[in-house]
Engineer: 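Here it is, the structure, as structure tokens.
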Amino acid sequence: MSENNVKADRGETPAILEIRNLQKSFSSLSVLKDISLRVERGNVISIIGPSGSGKSTLLRCASFLETADGGDILYDGNYAMRDGVYASKAELNRYKTLFGLVFQNFNLFPHYSVLKNVTEAPILHGENREEVRERAMEILKKMGLEGRENAYPYQLSGGQQQRVAIARALAMRPEVLYFDEPTSALDPELTGEVLKVIRQLAEEKMTMVVVTHEMPFAKAVSNHVIFMDSGVIVEQGDPANVFENPREDRTKQFLRVFER
Amino acid sequence: MSLLTMIIKMSEGLGKTCAIFFLTLLFSLPLGMIVALLRMSKVKIVSMITRFFITILRGTPLMLQLLAVTYGPYYLFGTSVARNKLIPVVIAFAINYAAYFAEIYRGGIESIPVGQYEAAEVLGYTKLQTFLRIILPQVIKRIMPSITNEVVTLVKDTSMAFTVSYQEMFTIGKQIANSQTSFMPFVVAGVFYYVFNAIVDYVMGRIEKRMDYYR
């Protein structure tokens, strides 16, 4: 593992996720063109941009749901993909334990109770049933779902379902949590409760990458904002700068739409 | 021959009717799943061959398939016709129903949103765990009404065993009808099938109800 580890080379703490020159196309359509980014521990990164800009594809490549065509993906300084070549299945499975993913459409398991949704994966990974259960109850409480552990997903509102999905991801104790437009499938009055728990996680220094259309949220919660358009990172930096003084015309144009 | 004698004589064939019914389900339900998975195989040649066999089994009469399985070996290889006709009958039924079940399974599996697979993958479920724990239970719930349909049809299809003179209830009834020039055995047979299917309906309804706890 040591030769595969960049942190040893440089004597620095590796980023939990580092992506270099990532490329991905769907047949002839190039969706990601040379994307590079670092996710340091404790950071909250928002990725904004028009639909079709590649934001979700970027997250899906980082979570191995999509196979990238070229570039590097490093988890904790280890190559999950090096120059377009993926590491072994066993290694990828190890890196998979480092991140969690929250989907736009929740993707809860409808035939499982809330509690089973949250506890089954860690139990299948060989963790102690009682410990997992206790941890799950704690997380559910934090998500404001106390007393709902025996409910089934269909009995919950969209906002509650998404909070269960967040609890399910957290129960795996990931080091970084990815959100793929977590509020886009919700009624406007329900987005607040989901954003609130994400904000709460940010305060607890949970490392997160959030693809979102909620500009005020991105501005308030993240400490780094990435603006993507047509498969490239057009602009990135401190939220105050990106939102208040965007340098690029495309960013200005995009943000103008949200001002109205 | 009195009606009661008819009923008693035909009842003696009910065991064999039930044997066809239960053995066919026992073999065709799992076999259908294997066929469905082959049909959905990413290896093109495998899915094409499977598809071809499914079209044959669904596109030709079950009666013909019964005859082919029972007497085909005799005409092809000169082997003697099986003494116990239950074996070729169940083979023919199981293969035929597996083809139908396979298409039902396939429809069910393909109706599960891809997000279920993705969620399981990100959570570290293995492929087998994903299929057995996440996909299959949802598939079963979705396809239950179609399965019930097939099972009800199977009850009635058992009567087709008369084409190879397997002594199940309907075959006996037909023999009595011929010898007595009476229509009564067919009425009795109709009642038998109706009651059988009432039980099937009840049982399947109970199973469906047990999966009603979620949507």
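Within every chain, numbering begins at 1; the chains are lettered A, B, ... in the order of the sequence lines, protein sequences first and strands thereafter. Just so it is clear, the structure is predicted and the values come from calculations on it, not from any experiment.
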Engineer: Pick one of side chain, backbone, both or neither for B:Tyr213, based on which atoms fall under 4.5 Å of a heavy atom in chain A.
Structural biologist: both
Engineer: Evaluate whether atom CZ of B:Arg142 has more than 12 neighbouring non-hydrogen atoms of other residues, nucleotides or ligands under 6.0 angstrom away.
Structural biologist: yes
Engineer: Side chain, backbone, both or neither: which part of A:Arg168 has a heavy atom under 4.5 Å from chain B?
Structural biologist: both
Engineer: What part of A:Lys89 is in contact with chain B, defined as an atom under 4.5 angstrom from a non-hydrogen atom: side chain, backbone, both or neither?
Structural biologist: side chain
Engineer: Counting only heavy atoms from other residues, nucleotides and ligands, does the tally under 6.0 Å from CZ of B:Phe53 exceed 12?
Structural biologist: no
Engineer: Is the number of heavy atoms from other residues, nucleotides or ligands under 6.0 Å of B:Phe52 CZ greater than 12?
Structural biologist: no
Engineer: When you look at CZ of A:Arg41, are more than 12 heavy atoms from neighbouring residues, nucleotides or ligands closer to it than 6.0 Å?
Structural biologist: yes
Engineer: I need the A:Tyr152 OH to B:Arg215 CZ distance, nearest 0.5 Å.
Structural biologist: 13.5 Å
Engineer: For residues A:Leu101 and B:Glu118, determine if any side-chain heavy atom of one lies less than 4.5 Å from a side-chain heavy atom of the other.
Structural biologist: no
Engineer: Contact part of B:Gln116 toward chain A, heavy-atom cut-off under 4.5 Å: side chain, backbone, both or neither?
Structural biologist: both
Engineer: For B:Glu121 and A:Phe64, work out which heavy atoms get closest and say how close.
Structural biologist: OE2-O, 3.7 Å
Engineer: Would you name the heavy atoms of B:Leu123 and A:Ala121 that are closest together and state the gap between them?
Structural biologist: O-CB, 3.7 Å
Engineer: Chain B: which of A:Gln155, A:Met172, A:Glu120, A:His125 shares the most heavy-atom pairs with it under 4.5 Å?
Structural biologist: A:Glu120
Engineer: Has B:Met48 got more than 12 heavy atoms of other residues, nucleotides or ligands less than 6.0 Å from its CE?
Structural biologist: no
Engineer: Applying a heavy-atom distance below 4.5 Å, give me the residues of residues 179-190 of chain A that approach chain B, sorted by number.
Structural biologist: none
Engineer: So what's closer than 4.5 Å to chain B heavy atoms on A:His111: side chain, backbone, both or neither?
Structural biologist: both
Engineer: Heavy-atom count around B:Tyr71 OH within 6.0 Å, excluding the residue itself: above 12?
Structural biologist: yes
Engineer: Any chance CD of A:Gln200 has more than 12 other-residue heavy atoms, nucleotides or ligands included, within less than 6.0 Å?
Structural biologist: yes
Engineer: Any side-chain heavy atom of A:Phe103 within less than 4.5 Å of one from B:Val122?
Structural biologist: yes
Engineer: Show the nearest heavy-atom pair for residues A:Tyr154 and B:Tyr214, with the distance to one decimal.
Structural biologist: CE2-CA, 3.5 Å
